[in-house]
Amino acid sequence: MKVKMDQATTHAIDTKQIKQKFPFFASNPDTVYLDNASTTQKPDVVVETISQFYTKYYSNAGRANYKLSSQAAKAIEESRQKTAGFFKADARNIAFTSGATESLNLIALSWGLNNLKNGDQVMVCLQDHKSSVFPWLNLKKLLDGFGIRIEIVPFRIHDVGDYDLKTIKEGLTERTRLIAVSHVHHVFGMDMEIKEIREIVGDDVVVSLDACQSAGHIPVELDSLPVDFMSCSGHKMFAGSGLGVLWARDSRLKELRPAKVGGGSITITEAGATMADLFETGTLNIPAILSMKSAIEFIEEVGIYSIARHLAKLTRYTYEGLRDIPGCEFGPGPGRCDCPGGYGIIPFRLQGIEANDLGFLLDDENILVRTGDHCKGEKTGTSDDDLVRVSLQIYNSEEDVDRLLECLGEAVS
Ligand SMILES: Cc1ncc(COP(=O)(O)O)c(C=O)c1O
């Protein structure tokens with residue numbers, strides 16, 4: 001996944017102008033928000049869409065035959081069309097979920113539960129996000145209860161933060177049915193080489209892609225990405241909270257069964273069933289779904305290649321600045337491997353200061369970063385378990401990074 005900037009028109013992002021479009025910064029002018037991999041702030045168009053729905057045409061969708069309900073249902077379908085177009089996919093292959101966690105669990109509970117047999121293997125990287133790893137560990141336990149034994153085969157990550165492809169080759173057998181991978185790692189911020197992984201595993205192994213940290217940051221185009229499932233979070237790409245997307249390729253859609261049933265769902269996979277038929281049941285998070293359309297329009301207005309370029313430049317600016325802080329050690333990622341750019345995520349630690357303590361210290365200065373276990377599937381037992389993660393977005397500027405660096409400089413002086 002090398003983003004070919006020169007093939008696209010990009011423009012420098014005016015962060016001051018962009019920040020003005022985010023009401024959060026009007027209320028919190030002194031806050032440097034550097035926790036965007038967790039969730040992003042919302043542009044005014046998103047806030048406006050949510051507010052309009054609640055104040056002007058709030059109703060449940062697809063539940064009644066009055067016009068207001070049809071209007072909400074139509075707006076959901078418009079948002080689905082927009083989302084599908086953004087990911088170069090068909091709307092019938094897209095379901096809205098409550099977040100990437102739900103999307104990733106649904107793959108295990110729908111595809112996994114219905115397709116895995118005794119002796120089958122699933123490959124995961126335990127350094128990936130818990131939401132990508134745990135659904136398979138959970139499914140293994142569930143199947144154990146029915147006397148079906150599947151095996152979870154772990155593959156590893158290099159010291160610089162990308163997958164060790166050799167361990168994928170070594171772990172692969174004729175019983176490997178699925179491999180769960182990240183597009184961009186949520187702590188290490190590295191491109192995880194999806195095309196190379198597809199070449200290694202061949203066409204028959206299902207590739208489930210966690211695109212949480214790439215969607216909205218770089219182009220995620222499902223007409224050319226060699227994956228079977230794609231999960232991502234709308235709320236990490238400027239849409240409302242509690243929203244995710246789950247996409248399945250046509251050939252896999254046929255292999256799915258409903259994992260949740262109720263109002264609005266089907267109970268068996270009928271011919272022609274869509275992802276929405278299979279997975280959207282009960283009252284949906286309608287305002288967040290509607291806000292996805294506004295979020296995508298906002299991203300399109302800024303330009304996805306311009307976003308990618310801004311994040312790459314600011315990533316480099318950040319780790320070059322961090323390098324000058326005495327005692328700064330990089331975690332796996334762009335700082336450690338001296339990448340030319342990056343995707344907006346930089347993990348590091350300061351010798352002698354625990355990451356959580358540093359997080360509190362920065363919070364006192366209104367600089368918000370992520371510390372803690374970073375929701376990785378396992379600890380490594382090394383200092384890489386104690387990292388501060390800076391994650392950037394289009395409203396972050398070099399001045400924001402300078403404030404972080406200044407504060408870190410004071411912490412070590
Ligand atoms: C790589 C990755 N996968 C999954 C998730 C879970 O996403 P959500 O909060 O939308 O459930 C996250 C969130 O941090 C993530 O970074």
Side-chain angles (χ1 to χ4, degrees), residues 1 33-42 46 83 87 94-109 124-138 157 161-163 179-194 197 207-218 220 225 227 229-247 259-260 279 284-285 287-289 291-292 295 311 331-333 342-347 359 368-378 387-393:
M1 175 198 43
Y33 187 75
L34 300 175
D35 194 18
N36 294 285
S38 176
T39 196
T40 57
Q41 298 302 332
K42 312 303 168 200
V46 162
T83 306
F87 289 115
I94 288 203
F96 289 118
T97 63
S98 66
T101 301
E102 188 183 18
S103 302
L104 292 158
N105 273 276
L106 286 174
I107 300 168
L109 294 175
V124 299
C125 176
L126 296 171
Q127 292 288 300
D128 276 344
H129 197 284
K130 283 176 181 165
S131 299
S132 183
V133 175
F134 285 9
W136 299 104
L137 306 185
N138 184 46
I157 245 169
D162 56 353
Y163 290 138
I179 182 165
V181 288
S182 303
H183 203 187
V184 168
H185 196 271
H186 71 292
V187 191
F188 307 147
M190 295 290 282
D191 157 19
M192 303 310 262
E193 305 181 299
I194 302 315
I197 291 173
V207 177
S208 169
L209 183 73
D210 181 343
C212 271
Q213 302 301 341
S214 55
H217 297 65
I218 54 170
V220 174
L225 259 179
V227 301
F229 295 112
M230 188 281 294
S231 305
C232 70
S233 318
H235 67 92
K236 293 184 201 291
M237 46 183 285
F238 309 121
S241 197
L243 184 74
V245 171
L246 172 58
W247 170 88
K260 307 183 301 180
F279 297 117
L284 304 175
N285 187 348
I289 293 175
S291 78
M292 187 69 171
L311 294 177
Y343 305 94
I345 295 177
I346 309 108
L368 313 188
V369 294
R370 174 73 187 261
T371 59
D373 74 353
H374 299 286
C375 290
K376 279 193 297 163
E378 73 167 4
L387 294 169
V388 174
R389 178 186 69 183
V390 166
S391 54
L392 307 162
Q393 252 306 342

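Each ligand, and each atom within it, is numbered from 1 in the order the structure gives. Reckoned from all heavy atoms, side chains included, excluding hydrogens, waters and symmetry mates. Numbers for residues simply follow the sequence, beginning at 1.
A donor-acceptor pair under 3.5 Å is absent between the side-chain atoms of Ser233 and the main chain of Gly99, judged by distance alone. Side-chain atoms of Lys42 come within 3.5 Å of backbone N or O of Ala239 as a donor-acceptor pair. Side chain of Ser214 to backbone of His183: no donor-acceptor contact under 3.5 angstrom is found. The closest donor-acceptor contact from the side chain of Lys376 to the backbone of Lys130 lies at 3.5 Å or more, if one exists at all. Ser131 places no side-chain N or O within donor-acceptor distance of the main-chain N or O of Thr101, the cut-off being under 3.5 Å. A distance-only check finds no donor-acceptor pair linking the side chain of His129 to the backbone of Ser182 [under 3.5 Å].
Of the protein's heavy atoms, Gln213 NE2, 2.7 Å lies nearest to atom 16 (O) of ligand 1. In terms of protein heavy-atom proximity, atom 10 (O) of ligand 1 is closest to Ser233 OG, 2.7 Å. The shortest contact between atom 6 (C) of ligand 1 and any protein heavy atom is with Thr101 OG1, 3.4 Å. Protein heavy atom nearest atom 1 (C) of ligand 1, with residue, atom name and distance: Asp210 OD2, 3.2 Å. Counting only heavy atoms of the protein, atom 15 (C) of ligand 1 lies nearest to His129 CD2, 3.2 Å.
Asp128 is not listed as a side-chain neighbour of Asp210, based on a closest heavy-atom distance of 4.5 Å or more.
Contact analysis puts His235 in contact with ligand 1, with a non-hydrogen atom separation below 4.0 angstrom. Glu102 does not count as a contact of ligand 1, since none of its heavy atoms falls under 4.0 Å from the ligand.
Looking at Ala100 next to ligand 1, an N or O pair under 3.5 Å apart turns up. Taking distance alone, with nitrogen or oxygen atoms compared against 3.5 Å, His186 stays at or beyond that limit from ligand 1. At a 3.5 angstrom cut-off on N or O pairs, Ser38 does not count as close to ligand 1.
Between atom CG of residue Asn36 and atom CZ of residue Phe238 there is a gap of 7.5 Å, rounded to the nearest 0.5 Å.
Residue Ser131 has at least one heavy-atom neighbour below 4.0 Å for each of these atoms of ligand 1: 4 (C), 6 (C). Taking every non-hydrogen atom of Gly99 and a distance limit under 4.0 Å, the qualifying atoms of ligand 1 come out as 10 (O), 11 (O).
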Apply side-chain contact (heavy atoms from CB on, under 4.5 Å) to Ser231 and Leu209, showing your working.
CA-CA 6 Å; Ser231 305; Leu209 183 73; over 6 Å; no
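Of the heavy atoms in Lys236, only side-chain atoms (C-beta onward) come closer than 4.0 Å to ligand 1.
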